[in-house]
Amino acid sequence: MKEIKLWRSALSVPAVNRRALEKSKTLAADAVIYDLEDSVAHGRKAEARENLEQFFRQDRPSHQATAIRINPLDTETGQEDMRTALACQPDAILLPKVETVANVAAASAMLNRNGAPLRIRLWAMLETPAGIVNAAAIAGAYSQASAGGRLEALIVGVNDLRSATGVAPAPGRAYLVPWLMQVVLAARAYDIAVIDGVYNDFADSEGFAAECEEARAMGFDGKMLIHPSQIDPANAHFSPSEAALAEARSIVDAFAKPEAQGHNVIDLDGRMVERLHLEQAEALLAKAGQSA
Ligand SMILES: CC(C)(COP(=O)(O)OP(=O)(O)OC[C@H]1O[C@@H](n2cnc3c(N)ncnc32)[C@H](O)[C@@H]1OP(=O)(O)O)[C@@H](O)C(=O)NCCC(=O)NCCSC(=O)C[C@H](O)C(=O)O
Ligand SMILES: [Mg+2]
């Protein structure tokens with residue numbers, strides 16, 4: 001059976017902030033992304049790497065996946081970050097500003113060359129025009145489904161994307177939605193996770209809730225976060241609703257009845273239900289069991 005993982009909340013923590021690093025272990029985020037890239041000033045990269053090496057020597061809570069976001073690998077800073085990440089052995093390394101299959105190939109080759117265990121995965125941020133245009137190729141080339149690939153998740157970087165395209169940071173994301181959907185489609189085509197970008201105004205809980213709802217309806221698995229106050233709402237919005245769980249139970253029950261045996265299509269209270277709905281229902285119930 002396929003491994004089920006939760007991707008509802010991926011909190012970014014600046015690796016330069018030791019207090020936030022400590023706090024991260026106590027939080028209910030499904031994943032924590034320790035950031036060496038944009039949240040760390042250029043002159044403090046070495047300090048941030050040192051913090052991470054110390055931090056990863058400690059025990060970590062088992063409920064959280066860990067990732068380290070490095071700088072682009074075609075820079076000396078990115079190369080040094082990768083050495084730190086290899087020493088820390090997080091669950092994943094998050095590559096920023098991925099634009100081509102070659103960007104992922106370079107990281108994958110470094111992991112393989114250095115004998116990194118296969119459990120260390122790659123996550124890719126798509127946050128430039130080229131990254132969005134090439135989303136399907138990037139998702140396909142190194143995804144789990146394609147012979148031992150390491151790529152496990154795509155994350156959208158909406159701030160960089162807005163900056164590179166000139167799309168205004170206005171309320172609502174009408175002009176971004178077509179590009180976001182391209183990323184969702186690419187991830188679904190290759191059966192990898194897909195995480196929506198950050199909501200900067202962490203004091204605006206209503207706006208955040210609205211964006212979570214939109215992201216869920218678009219098919220995202222969760223959201224990248226910047227502040228602990230966003231974790232509980234994200235976990236709630238990206239968990240299956242009670243109504244969806246009740247529906248799933250009724251589908252499972254209906255297919256378990258003797259009269260449904262040998263049928264791929266049944267009538268459930270005047271609606272056609274197929275076996276693919278049964279598989280969806282079982283997956284939803286399994287996921288809910290994991291998040292309970
Ligand atoms: C945005 C912040 C700078 C706000 O920080 P601060 O003013 O300190 O917030 P609070 O006083 O409300 O904090 C309350 C307590 O929570 C801790 N805290 C705050 N943020 C985090 C965090 N991210 N992880 C863990 N803990 C956190 C504070 O230390 C306080 O703790 P305590 O004193 O013990 O009660 C700050 O939230 C922050 O730095 N956020 C993360 C910024 C970041 O990671 N940016 C990079 C990711 S964004 C991105 O990737 C964009 C993307 O690339 C794109 O292109 O779109
Ligand atoms: Mg970015």
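Counting begins at 1 with the first residue of the sequence. Counting convention: from 1, in listed order, for ligands and their atoms alike.
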Other residues, nucleotides, ligands: >12 heavy atoms within 6.0 Å of Q261 CD: yes
Per-atom contacts of ligand 1 with V158, taking only distances under 4.0 Å to non-hydrogen atoms: 54 (C), 56 (O)
Within 6.0 angstrom of H42 NE2, more than 12 heavy atoms from elsewhere: no
Protein residue, atom and distance nearest to atom 42 (C) of ligand 1, heavy-atom basis: P14 CG, 4.0 Å
For W179, ring-ring contact (aromatic ring centres under 6.0 Å, His included) partners two or more places apart: none
R8 and H237: CA distance, side-chain angles, deciding distance, side chain to side chain contact (heavy atoms under 4.5 Å, CB included) verdict: CA-CA 8 Å; R8 302 166 302 177; H237 282 284; over 6 Å; no
Pairs where residues 239-288 contributes a residue and the test ring-ring contact (aromatic ring centres under 6.0 Å, His included) is met, not counting sequence neighbours: none
Heavy atom of the protein closest to atom 28 (C) of ligand 1 (residue, atom name, distance): K23 CD, 4.5 Å
Which residue and heavy atom of the protein sit nearest atom 44 (O) of ligand 1, plus the separation: S12 OG, 2.6 Å
Test item, G197 contacting ligand 1 (heavy atom, 4.0 angstrom): no
Shortest protein contact, atom 52 (C) of ligand 1 (heavy atom only): E127 OE1, 3.8 Å
Heavy atom of P228, distance to ligand 1 below 4.0 Å: yes
Shortest protein heavy-atom distance from atom 45 (N) of ligand 1, along with the residue and atom involved: S39 CB, 3.6 Å
Under-4.0 Å heavy-atom contact with ligand 1, by part of V156 that carries it: neither
Under 4.0 Å to a heavy atom of G157 - the qualifying atoms of ligand 1, by number: 54 (C), 55 (O), 56 (O)
Side chain to side chain contact (heavy atoms under 4.5 Å, CB included) partner of V156, chosen from N159, V158, L154: V158
Residue E242 excluded, over 12 heavy atoms near CD under 6.0 Å: no
Test log, rule side chain to side chain contact (heavy atoms under 4.5 Å, CB included), inputs D221 and K287: CA-CA 12 Å; D221 294 306; K287 207 168 185 177; 4.2 Å; yes
Greater than 12 external heavy atoms within 6.0 Å of R18's CZ: no
Closest protein heavy atom (residue, atom, distance) for atom 33 (O) of ligand 1: R19 NE, 2.8 Å
Salt-bridge criterion met for D38 and K97 (N-O under 4.0 Å): yes
Donor-acceptor contact below 3.5 Å, side chain N134 vs main chain E99: yes
N71 side-chain N/O to L36 backbone N/O, donor-acceptor pair under 3.5 Å: yes
Selection from S229, A20, S163 by shortest heavy-atom distance to atom 25 (C) of ligand 1: A20
Protein heavy-atom partner closest to atom 37 (O) of ligand 1 - residue, atom, separation in Å: I226 O, 3.3 Å
Closest approach of any protein heavy atom to atom 13 (O) of ligand 1, naming residue and atom: H227 NE2, 3.5 Å
S12 side chain to I226 backbone, donor-acceptor under 3.5 Å: no
Distance filter under 4.0 Å to D160 heavy atoms, resulting ligand 1 atoms: 53 (O), 54 (C), 55 (O), 56 (O)
Donor-acceptor contact present, side-chain S143 to main-chain A139, <3.5 Å: yes
Audit row: E80, R49, salt bridge (charged side-chain N to carboxylate O under 4.0 Å, His left out) steps and yes/no: CA-CA 9 Å; E80 286 180 37; R49 284 185 212 112; 2.9 Å; yes
E22 to ligand 1, any heavy atom closer than 4.0 Å: no
Heavy-atom gap R69 to ligand 1 smaller than 4.0 Å: yes
Heavy atom of protein inside 4.0 Å of atom 8 (O) of ligand 1, strictly below: no
Any donor-acceptor N or O pair under 3.5 Å, side chains T84, E53: yes
Any non-hydrogen protein atom less than 4.0 Å away from atom 11 (O) of ligand 1: no
Check ion pair R19-E22 (N to O, under 4.0 angstrom): no
Proximity of S24 to ligand 1 by residue part, where a heavy atom lies under 4.0 Å: neither
Residue portion contacting ligand 1 (non-hydrogen atoms closer than 4.0 Å) for D35: side chain
Listed protein N/O/S atoms, distance to the Mg ion (ligand 2) under 2.8 Å: E127 OE1, D160 OD2
Atom indices of ligand 1, in the order listed, that fall short of 4.0 Å to a heavy atom of L11: 23 (N), 24 (N)
Partner residues of D196 under the salt bridge (Lys or Arg N to Asp or Glu O under 4.0 Å) criterion, sequence neighbours left out: R173, K223
Nitrogen or oxygen of N159 less than 3.5 angstrom from that of ligand 1: yes
Numbered atoms of ligand 1 (with element) below 4.0 Å of F202, judged on heavy atoms: 1 (C), 4 (C)
Sub-4.0 Å protein heavy atom next to atom 5 (O) of ligand 1: no
